[in-house]
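Below: one structure, written as structure tokens.
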Amino acid sequence: MRKRVFSGIQPTGQLHLGVYYGAMKNWVRLQDTYDCIYCIVDQHAQTVEYDPTVLQQRTLEAACLYIASGLDPQKCILFVQSHVKEHTELTWYLSTIASLGQLERMTQFKDKTEQHGSSNLALLAYPVLMAADILLYKAAAVPVGEDQSQHLELTRDLAQRFNHRFGQVFVEPETLLTRGKRIIGLDNQGKMSKSKPEHTSIAMVDPPDVVWAKLRPAVTDPARKRRTDPGDPNKCPIGLLHFAASSQQDIDWVIKGCTTAEIGCIDCKKQLAVNIEAEMGPIRERYSELCARPDEVWAVLKDGADRARAVATSVIDEVRDVMGIKSPV
Ligand code: TYM
């Protein structure tokens, strides 16, 4: 039996290159060797202020991007979280063993509470819903970016605690990271993020002129004040994007050229723009074709939800059974 992989993306804002190189590109690679389930986690997107009319559109667009990036519904399951109600049911069961202190210490909870100036129960419970997403399918591995590592630790804790208290049901999932695990925003101030100003991230669907308009003024390693100052590509959003997006030959060129000041930041940015377009151009094209056929995409998601539900219901039956919840007779 193939090992199971589960992962998801929130349909909030524009999906950017951090999401692509941190997670999605790895998902495509994994679908040939694992039993993969990929979700659009629309209920996670409800934990902060959102516009209901936009959420549905974003969900569809995310699905189009999944398929356009190379996820094949014949090889993996693609579905929307809210279409499989067992996710929220399992969240409740897991919340009975989740520690309030641990949830309050989650970096993302603290950051978002600060950013929005307020909080709600769903934002606090967010990592429990995420644990439910993963444990519901007994996934052995979860491909994500580095910012999700703390949530994955909590997922393993919950699986352990549950198994200890009620008997062996859940698998403790491992975290799968890539070399694009932490793509930095173009202002060089922390990770590229959907909730930061648009000019600091490159959307997967940005056309070449928009990509260049964002890359050209992007902040680089502060050590390179003059063209002749050597830099460190590890301290530069452009360098880190090259590591994720470029060929080994180009990466060697960047490392040598930047650390010896043989190349300038503009040369480095120009080559990055070319490499991004080579990869994202065809994805963008397939994406607009798919957006023009929404019914077909919703049908793929319905079929995916049916297949996901078949797994989810059997695991939830096991959970109910060991927790003393009697199913109706
Ligand atoms: P989300 O929607 O914020 O991001 C989706 C995926 O992209 C990765 N990512 C990044 N990787 C590298 N550099 C970046 N700048 C960057 N920005 C985003 C994220 O790590 C993630 O893998 N809580 C999750 C969604 C989720 C989930 C799950 C993931 C819900 N349930 C179950 C895995 C399994 C989130 O908000 O990701």
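Heavy-atom basis, side chains included; hydrogens, waters and symmetry copies ignored. Whatever order the structure lists ligands and atoms in, that order sets their numbers, starting from 1.
Checked by distance only, ligand 1 and Met130 stay at 3.5 Å or farther apart across all their nitrogen or oxygen atoms. No N or O atom of Ala23 sits closer than 3.5 Å to an N or O atom of ligand 1. Inclusion of Asp133 in the set of residues having an N or O under 3.5 Å from an N or O of ligand 1 is warranted. Considering backbone and side-chain atoms together, Gly18 places an N or O closer than 3.5 Å to an N or O of ligand 1.
Residue-ligand proximity, Lys194 to ligand 1, at heavy-atom distances under 4.0 Å covers atoms 1 (P), 2 (O), 3 (O). Each of the following atoms of ligand 1 lies closer than 4.0 Å to a heavy atom of Gln10: 2 (O), 35 (C), 36 (O). Within ligand 1, counting atoms from 1 as listed, the ones closer than 4.0 Å to a heavy atom of Gly22 are 11 (N), 12 (C). Which parts of ligand 1 touch Val142 is read off a 4.0 Å heavy-atom cut-off, strictly below it: atoms 33 (C), 34 (C). Counting the atoms of ligand 1 from 1 in the order shown, those under 4.0 Å from a heavy atom of Arg182 are 12 (C), 13 (N). Each of the following atoms of ligand 1 lies closer than 4.0 Å to a heavy atom of Gly8: 25 (C), 26 (C), 27 (C), 29 (C), 33 (C), 34 (C). Counting atoms of ligand 1 from 1 in the listed order, those under 4.0 Å from a heavy atom of Met192 are 14 (C), 15 (N), 17 (N).
Screening Glu146, Gln150, His151 for a side chain to side chain donor-acceptor pair (under 3.5 Å) with Gln148, the sole residue that qualifies is His151.
Of the protein's heavy atoms, His44 CE1, 3.4 Å lies nearest to atom 30 (C) of ligand 1. In this structure, the protein non-hydrogen atom closest to atom 37 (O) of ligand 1 is Gln148 NE2, 3.7 Å. From the protein, the heavy atom lying nearest to atom 13 (N) of ligand 1 is Ile183 N, 2.9 Å. What sits closest to atom 12 (C) of ligand 1 on the protein, heavy atoms only, is Lys181 O, 3.1 Å. Protein heavy atom at the shortest distance from atom 5 (C) of ligand 1 is Ile9 CG1, 3.6 Å.
With no hydrogens or angles considered, a side-chain donor-acceptor pair links Asn275 and Gln271 at under 3.5 Å. With 3.5 Å as the limit, one finds a donor-acceptor pair spanning the side chains of Gln81 and Asp133. Under 3.5 Å, the side chains of Gln248 and Asp252 contain a donor-acceptor pair of N or O atoms.
Using cut-offs of 30° and 60° on the angle between ring planes, the pair Trp253 and His242 is perpendicular. His83 and Trp298 have tilted rings, their planes meeting at an angle from 30° to 60° on a 0 to 90° scale. Aromatic ring orientation, Tyr137 versus Phe6: parallel (interplanar angle below 30°, classes split at 30° and 60°).
Comparing heavy-atom distances from atom 20 (O) of ligand 1 across Leu136, Asp147, Ile134 singles out Asp147 as nearest. Of all the listed residues (Ala131, Gly145, Pro127), Gly145 holds the heavy atom that lies closest to atom 8 (C) of ligand 1. Comparing His151, His16, Lys191 by heavy-atom distance to atom 17 (N) of ligand 1, the nearest is His16. Looking at Val19, Thr178, Leu241 and measuring to atom 7 (O) of ligand 1, the nearest heavy atom belongs to Val19.
Between Gln108 and ligand 1 there is no heavy-atom distance shorter than 4.0 Å. In this structure, Tyr126 is part of the shell of residues with a heavy atom less than 4.0 angstrom from ligand 1. No heavy atom of Met24 sits closer than 4.0 Å to any atom of ligand 1.
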Yes or no on ring pair (Phe, Tyr, Trp, His ring centres under 6.0 Å) for Tyr50 and His44, after CA distance, side-chain angles and deciding distance?
CA-CA 11 Å; Tyr50 75 100; His44 276 92; over 10 Å; no
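To the nearest 0.5 Å, atoms OG1 (Thr96) and CZ (Phe162) are separated by 8.0 Å.
For the salt bridge (Lys or Arg N to Asp or Glu O under 4.0 Å) condition, the pairs that include at least one residue of residues 5-26, sequence neighbours left out, are Lys25-Glu279.
Across all their heavy atoms, Ile9 and Met24 have their closest contact at CD1-CE, 3.7 Å. Residues Gln31 and Asp72 approach most closely at OE1-N, 3.0 Å, considering heavy atoms.
Classification of Arg320 and Glu89 as a salt-bridged pair holds, one side-chain N sitting under 4.0 Å from a carboxylate O. A salt bridge links Arg226 to Asp229: one of the charged nitrogens lies within less than 4.0 Å of a carboxylate oxygen.
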